[in-house]
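Comments concern the structure below.
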Amino acid sequence: MGVMPGRPEVFLLRESERKVAPGGPALVGADGERDEVPPRVYEVLRFVEEVLRSGYGVQITPLRTELPIDEAADAIEMDREELRLYAGRGDISFRSSQYVDWVQLADVLDLNARVNAEREQALRGLSAEEPWGDDSGRSGRQ
């Protein structure tokens, strides 16, 4: 999992992820009372446990599934103008009211995952390129 202090993690369960799997993960109280939870909820709770056991604090803030675009950008720590640019290009859908542009949290999370994957791939590509210099002591020109 890997704990990254100061880096937000936003979790949203899709409809299919909200179902409890009989005999699956559960919260078990000291009295033995068992409360089954969806597998994805278990993953989220394990993340919280790892963070707390690592000595960090956790902030939990419920978010609506539709947010003002600026609030959505803040939730994923993306520059507000960058998220507006993605929306303007059609990378995520939005609706406008009189004063606010609204986006679906699920769309923002999907976009953020795509952007992060593209950045990671670009960095891997850069790190795989030949070094600028040449270890033989001569320049690349002849």
Side-chain angles (χ1 to χ4, degrees), residues 1-30 33-142:
M1 232 177 273
V3 175
M4 298 287 293
R7 182 176 174 270
E9 287 288 337
V10 180
F11 300 99
L12 176 67
L13 272 63
R14 308 212 188 272
E15 186 68 35
S16 62
E17 295 175 313
R18 294 183 197 151
K19 295 183 174 105
V20 171
L27 296 174
V28 180
E33 182 182 340
R34 180 181 167 91
D35 185 19
E36 291 184 344
V37 297
R40 183 72 173 127
V41 169
Y42 177 76
E43 292 172 24
V44 172
L45 293 173
R46 290 296 311 266
F47 174 81
V48 169
E49 176 197 25
E50 182 178 343
V51 170
L52 292 172
R53 284 183 182 254
S54 296
Y56 299 109
V58 174
Q59 175 180 340
I60 298 174
T61 307
L63 298 171
R64 296 181 304 260
T65 57
E66 185 180 51
L67 299 167
I69 197 165
D70 290 345
E71 203 174 305
D74 292 344
I76 60 169
E77 288 193 346
M78 180 181 282
D79 181 76
R80 291 174 172 191
E81 291 308 312
E82 183 180 4
L83 186 55
R84 287 183 178 286
L85 176 70
Y86 286 121
R89 287 192 333 204
D91 292 332
I92 58 170
S93 59
F94 67 97
R95 71 174 181 86
S96 293
S97 64
Q98 185 175 0
Y99 299 106
V100 179
D101 292 327
W102 296 84
V103 291
Q104 292 293 316
L105 180 57
D107 293 344
V108 172
L109 294 176
D110 290 345
L111 171 73
N112 194 44
R114 285 193 316 268
V115 167
N116 288 337
E118 289 168 5
R119 287 177 180 160
E120 190 172 313
Q121 184 177 6
L123 287 172
R124 277 196 306 269
L126 287 172
S127 67
E129 287 182 5
E130 291 294 319
W132 290 100
D134 169 320
D135 289 338
S136 67
R138 56 192 167 117
S139 71
R141 297 183 185 165
Q142 294 192 5

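Because only heavy atoms are used, hydrogens play no part in the values below, and waters and symmetry mates are left out as well, while side chains stay in.
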Report task. Verify the neighbour count for atom CZ of Arg34: are there more than 12 heavy atoms of other residues, nucleotides or ligands below 6.0 Å? Result -> yes

**Report entry** 4.5 Å side-chain heavy-atom contact, Val41 and Glu17
**Finding:** no

Report task. Indicate the atoms forming the closest heavy-atom contact of Ala72 with Val103, along with that distance. Result -> CB-CG2, 3.6 Å

Query raised in the report: Taking all non-hydrogen atoms of both residues, which atom of Pro39 and which atom of Pro25 are closest, and how far apart?
Result: CA-CG, 3.7 Å

Query raised in the report: Going by heavy atoms in the side chains, are Trp102 and Pro68 under 4.5 Å from each other?
Result: yes

Query raised in the report: Does some side-chain heavy atom of Leu83 sit less than 4.5 Å from a side-chain heavy atom of Ile92?
Result: yes

Requested in this report: Look up atom CG in Leu67 and atom CG in Asp101, then write down how far apart they are to the nearest 0.5 Å.
Outcome: 13.0 Å

Query raised in the report: Do Arg84 and Asp79 sit within salt-bridge range, that is, some charged N less than 4.0 Å from a carboxylate O?
Result: no

Requested in this report: For the residue pair Glu50 and Arg53, establish whether any side-chain heavy-atom pair is separated by less than 4.5 Å.
Outcome: no

Query raised in the report: Got a second to check how far Arg80's CZ is from Asp74's CG, nearest 0.5 Å?
Result: 4.0 Å

Report summary line: dist Leu63:CG -> Leu105:CG (nearest 0.5 Å) comes out at 6.0 Å

Query - Leu27 side chain reached by Leu45 side chain, heavy atoms, under 4.5 Å - result: yes

Query - Any Phe11 side-chain heavy atom under 4.5 Å of Arg40 side chain - result: yes

Query raised in the report: Does Leu13 offer a backbone N or O that forms a donor-acceptor pair with the side chain of Arg18 under 3.5 Å?
Result: yes

**Report entry** Point-to-point distance, once rounded to the nearest 0.5 Å, from CD of Gln121 to CG of Leu126
**Finding:** 11.0 Å

**Report entry** Gap between atom CG of Asp107 and atom OH of Tyr86 - 0.5 Å precision
**Finding:** 15.0 Å

Query - Nearest non-hydrogen partners of Glu36 and Ala21, listed with the distance - result: OE1-O, 4.1 Å

Query raised in the report: With side chains defined as the heavy atoms from C-beta onward, is the minimum distance between Asn116 and Arg119 less than 4.5 Å?
Result: yes

Report task. Could you tell me the separation between the CG atom of Leu109 and the CD atom of Glu9, rounded to the nearest 0.5 Å? Result -> 10.0 Å

